[in-house]
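Position 1 is the first residue of the sequence; numbering continues from there. For clarity, every value in this text was computed on a predicted model and none was experimentally measured.
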Amino acid sequence: MKSLPDQFKITNDKNFSLKDYDTSYSAHYEKEDAAAILKDLIKQTAKLQTELYAANTYSLLIIFQAMDAAGKDSAIAHTMSGLNPQGCQVFSFKQPGPEDYKHDFLWRHYLALPEDGRIGIHNRSHYENVLVTKVHPELVLKENIPGISDIKHINKKFWDQRYESIRNFEKHLHVNGTVIIKFFLHLSKHEQKQRFLERIDDPEKNWKFSASDILERDRWDDYMKAYETAIKKTSTEECPWFIVPADKKWFTRIAISTIILQTIENLKLKYPVLPKDEMEKLRESKKELEKE
């Protein structure tokens with residue numbers, strides 16, 4: 001039987017379909033055990049985070065993409081809650097602003113990359129440029145790209161070049177020590193409806209809902225097609241996508257934490273070994289302290 005990460009991992013499978021992935025899948029886990037399991041996963045990850053920070057060789061970039069109400073915010077909050085905040089940095093990407101449009105579409109995401117030894121979390125990411133812009137190509141015109149002055153110029157060649165730019169960007173990061181994990185939180189349309197209704201009915205959640213959410217929901221099939229294509233075009237062995245079921249939040253968090261833990265474990269990190277002269281200084285320092 002495949003491990004949990006392997007069940008959701010997409011590398012270069014060009015034939016996969018999102019319809020083949022059950023949004024309510026929860027493997028052999030039970031909801032009543034979820035809190036204890038997640039707590040243990042976070043505890044193990046926190047230990048490895050210290051090694052990641054100490055080694056100062058790799059950085060970890062975790063990308064979250066999903067439809068509205070899929071639980072990105074809560075997944076980040078729950079899976080990262082036990083980690084050292086000094087070693088983490090979270091960026092939530094909204095619509096590009098005037099300064100962003102003065103640069104290429106990857107610019108603002110490059111600025112937000114984690115430093116060596118740190119974990120970076122991107123709530124939405126550079127993939128918005130092949131997702132929301134794929135559904136609303138008129139947004140591309142704001143980028144002032146040479147030769148792209150009309151929607152009719154945004155053709156298959158344009159999108160192929162953009163996917164290639166993303167693959168090259170991620171390959172460059174990978175060979176320079178940034179380990180990338182890309183999560184698509186796969187929510188069903190029915191579950192999104194229920195969560196939208198909860199937001200409308202609960203005064204404390206009203207702020208999470210916008211009338212524009214319904215307009216985007218009307219384009220559900222277009223978004224699923226855009227996600228499916230983006231995943232096919234940008235999944236590689238080095239920078240895989242993980243299609244994580246999102247209808248059951250408690251399981252989504254277990255799956256995410258398991259994948260993050262296994263990814264860091266695979267780096268086989270070790271604490272740095274000091275040179276002999278530095279070790280001698282440590283021994284001398286110990287002697288001085290013991291004399292006090």
Worksheet entry | Candidates Lys193, Arg195, Lys189 - the one meeting salt bridge (Lys or Arg N to Asp or Glu O under 4.0 Å) with Glu191 | Arg195
Worksheet item: Does one hydrophobic cluster hold both Phe64 and Tyr21, with members joined at side-chain heavy-atom distances below 4.5 Å?
Response: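 No, no single cluster joins them.
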So, [X] versus [Y]: side-chain donor-acceptor pair below 3.5 Å or not?
X	Y	result
Ser3	Asp6	yes
Gln95	Glu128	no
His136	Glu216	yes

Within a reach of under 6.0 Å around [atom1] of [X], are more than 12 heavy atoms found that belong to other residues, nucleotides or ligands?
X	atom1	answer
Tyr110	OH	no
Glu204	CD	no
Tyr58	OH	no
Glu138	CD	yes

Carboxylate-amine/guanidinium contact [X] [Y], below 4.0 Å:
X	Y	result
Glu278	Lys281	yes
Lys9	Glu237	yes
Lys291	Glu288	yes
Lys249	Asp73	no
Lys102	Glu99	yes
Glu143	Arg162	yes
Asp160	Lys233	yes

So, [X] side chain and [Y] main chain: donor-acceptor pair closer than 3.5 Å or not?
X	Y	value
Tyr25	Phe251	no
Asn266	Thr263	no
Thr252	Lys248	yes
Lys182	Cys239	yes
Arg124	Phe91	no
Gln89	Leu113	yes
Asn155	Phe158	yes
Thr57	Ala55	yes
Arg253	Leu38	no
Glu238	Lys171	no

Should the pair [X] and [Y] be assigned to parallel (<30°), tilted (30 to 60°) or perpendicular (>60°) ring geometry?
X	Y	result
His109	His126	perpendicular
His122	Phe93	perpendicular
Trp107	His103	parallel

How close do [X] and [Y] get, heavy atom to heavy atom, and via which atoms?
X	Y	result
Ala75	Ile256	CB-CD1, 3.8 Å
Ile254	Thr258	O-OG1, 2.7 Å
Ile42	Gly82	CG2-CA, 3.4 Å

Worksheet item: How far apart are the C-alpha atoms of Phe184 and Leu18, what are their side-chain angles, what is the distance that settles it, and do they pass the side-chain contact (heavy atoms from CB on, under 4.5 Å) test?
Response: CA-CA 10 Å; Phe184 172 56; Leu18 285 175; 3.8 Å; yes
Worksheet item: For Tyr223, what residues pass the ring pair (Phe, Tyr, Trp, His ring centres under 6.0 Å) criterion, not counting sequence neighbours?
Response: none
Discussion item. Run the side-chain contact (heavy atoms from CB on, under 4.5 Å) test on Met80 and Ile121 for me, step by step, so that the C-alpha distance in whole Å, both residues' side-chain angles and the decisive distance to 0.1 Å come before the verdict.
Written reply: CA-CA 9 Å; Met80 301 295 162; Ile121 300 100; 4.1 Å; yes
Discussion item. Is the distance from the ring center of Trp241 to that of Phe16 below 6.0 Å?
Written reply: no
Nearest 0.5 Å please: distance from the [atom1] atom of [X] over to the [atom2] atom of [Y].
X	Y	atom1	atom2	value
Leu106	Ile166	CG	CD1	6.5 Å
Ile62	Cys88	CD1	SG	7.5 Å
Ile243	Ile231	CD1	CD1	3.5 Å
Leu131	Ser125	CG	OG	7.5 Å

Item to complete: Any chance you could lay out the side-chain contact (heavy atoms from CB on, under 4.5 Å) test for Ile214 and Phe196, step after step, and finish with the verdict?
Response: CA-CA 9 Å; Ile214 297 299; Phe196 277 171; 4.2 Å; yes
